[in-house]
Amino acid sequence: MEIYQHFRKEERPFIDQVLSWREDVEMKYQRKLTDFLNPREQMILKAVLGNDADLIHGLYGGTDQVERMRAIIAPEYEVIEEEDYQLTLLEASYPDKFVTLEHRDVLGAFMSLGIRREKLGDLIVRDGTIQIVCASEISDYIRMNLTGVKKATVEFKEKPLERMLENDETWTIRDTTVSSLRLDVLVKEIYGMSRKKAGMHIDAGHVKVNFRVVEDPSFTLESGDMISLRGKGRSRLDEIHGQTKKEKFKVSTAKLN
């Protein structure tokens, strides 16, 4: 199918999933509510569904700023409302003067309960407050079972989505040139290390591209790809501006501060 040629081979299973959702909605005239999708999956879903005259689709994760969203695919005559996405905002406090919690600590606590990442939206941990958007069907389970993170006792309570904290992430944008668009070259450039060390991180499974572990240093990056290096934070290849006379690639990268 022509749609496949626009995406990477490893993304075919998700493309097939979206095609299956579309077929079900078209055949059964029943809307489909998905789990939370990461930004790359959202982009693929929009590309696959395109401008299908028989369907409508929407994405929502609690606010306009969030990264992870649920999607609804529905017959074109339906109207999609925000409450249809079945989102619940949970909030808990912890004594930040005595306990230091990071995003990974809290996410790890959720995972230890057997909760799939796909059931969880954006997570904010700062200033003694934890907020997470989750699929409404698991909110009671979380409130009853997640009572501690590291050494902190927590009690999650439901809050209106309008109370969701704004994301205070800041990104540093940088224009540079690189010899190629290989993953090891970009990791070297963005994180300020040798290409050999970048390759070692990749081989060890420390690097993710678009939220998936990639262990191939020669993996070719594209505009919009999200990179994360364990312990070093997240970054993006924002744009590829073409090549110089010496055949180097002019790129814009962004790194989360």
Side-chain angles (χ1 to χ4, degrees), residues 1-52 54-61 66-75 80 84-87 104 107-108 110-123 132-138 181-184 186-187 201-230 234-237 240:
M1 185 176 291
E2 187 179 337
I3 189 70
Y4 292 128
Q5 70 188 33
H6 300 292
F7 299 99
R8 297 176 172 125
K9 185 178 180 180
E10 62 270 19
E11 291 171 333
R12 286 192 174 191
F14 182 70
I15 294 170
D16 290 339
Q17 179 70 81
V18 176
L19 291 171
S20 176
W21 291 336
R22 182 175 73 179
E23 185 178 348
D24 279 352
V25 174
E26 288 175 338
M27 290 181 63
K28 299 176 183 177
Y29 300 100
Q30 292 179 343
R31 62 172 55 188
K32 169 65 182 179
L33 172 63
T34 74
D35 287 336
F36 286 92
L37 308 178
N38 65 46
R40 179 70 177 181
E41 291 169 334
Q42 295 165 33
M43 186 269 286
I44 293 173
L45 179 137
K46 288 188 284 188
V48 172
L49 296 180
N51 297 316
D52 192 322
D54 297 323
L55 299 175
I56 58 169
H57 64 275
L59 292 156
Y60 188 58
V66 298
E67 188 173 83
R68 298 174 62 81
M69 301 184 185
R70 298 185 90 172
I72 290 177
I73 307 168
I80 301 173
D84 296 337
Y85 291 91
Q86 299 176 30
L87 305 175
R104 61 185 176 186
L107 186 58
F110 281 101
M111 299 294 104
S112 69
L113 291 179
I115 298 171
R116 294 189 297 114
R117 186 66 178 101
E118 292 80 8
K119 292 294 182 183
L120 303 173
D122 277 27
L123 168 64
I132 190 160
V133 180
C134 69
S136 295
E137 63 263 27
I138 66 166
L181 299 174
R182 285 171 53 114
L183 179 58
D184 56 353
L186 267 299
V187 169
H201 278 297
I202 295 166
D203 290 338
H206 297 167
V207 177
K208 291 183 179 180
V209 178
N210 298 323
F211 311 94
R212 297 174 186 268
V213 174
V214 175
E215 297 179 345
D216 178 7
S218 66
F219 184 88
T220 302
L221 293 172
E222 301 172 0
S223 294
D225 281 343
M226 184 79 75
I227 307 162
S228 63
L229 172 58
R230 187 183 302 170
R234 294 192 296 163
S235 61
R236 290 192 310 261
L237 175 56
I240 302 166

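Numbers here are sequence positions counted from 1.
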Give a yes or no on whether the backbone of [Y] and the side-chain of [X] come within a donor-acceptor separation of less than 3.5 Å.
X      : Y      : result
Asp225 : Glu222 : yes
Arg236 : Met226 : no
Gln86  : Ser136 : no
Glu41  : Arg68  : no
Arg22  : Val48  : yes
Thr220 : Leu181 : no

Looking at [X], I want to see if its [atom1] is surrounded by more than 12 non-hydrogen atoms of other residues, nucleotides or ligands under 6.0 Å.
X      : atom1 : value
Lys119 : NZ    : yes
Arg116 : CZ    : yes
Glu23  : CD    : no
Arg117 : CZ    : yes

Rounded to the nearest 0.5 Å, what separates atom [atom1] in [X] from atom [atom2] in [Y]?
X      : Y      : atom1 : atom2 : result
His206 : Arg230 : NE2   : CZ    : 4.5 Å
Leu45  : Trp21  : CG    : CH2   : 6.5 Å
Asn210 : Arg8   : CG    : CZ    : 6.0 Å
Ile202 : Glu215 : CD1   : CD    : 10.0 Å
Ile115 : Leu107 : CD1   : CG    : 10.0 Å
His57  : Gln42  : NE2   : CD    : 10.5 Å

Test item: [X] and [Y] side chains (from C-beta on) under 4.5 Å apart, heavy atoms:
X      : Y      : result
Glu10  : Phe219 : yes
Leu221 : Ile227 : yes
Phe36  : Glu118 : no
Pro75  : Val25  : yes
Leu59  : Lys46  : yes
Val18  : Leu49  : yes

Search all heavy atoms of [X] against all heavy atoms of [Y] and return the closest pair with its distance.
X      : Y      : result
Leu229 : Val187 : CD2-CG1, 4.4 Å
Ile73  : Leu55  : CG2-CD1, 4.1 Å
Cys134 : Leu120 : CB-CD2, 4.0 Å
Ala47  : Phe7   : CB-CZ, 3.7 Å
Ile80  : Gly58  : CD1-N, 4.0 Å
Arg182 : Ser218 : NH1-CB, 3.3 Å

Could you check whether the rings of Tyr85 and Tyr60 sit parallel, tilted or perpendicular, using 30° and 60° as the cut-offs?
tilted
Only one of Asp24, Ile72, Ile56 forms a side-chain contact (heavy atoms from CB on, under 4.5 Å) with Arg31, so which one is it?
Ile72
Do Ile3 and Ile15 pass the side-chain contact (heavy atoms from CB on, under 4.5 Å) test, and can you show the C-alpha distance, the side-chain angles, and the key distance before you say yes or no?
CA-CA 8 Å; Ile3 189 70; Ile15 294 170; 4.1 Å; yes
Can a cation-pi geometry be assigned to Arg40 and Phe211, taking NZ or CZ under 6.0 Å from the six-membered ring centre and within 45° of the ring axis?
no
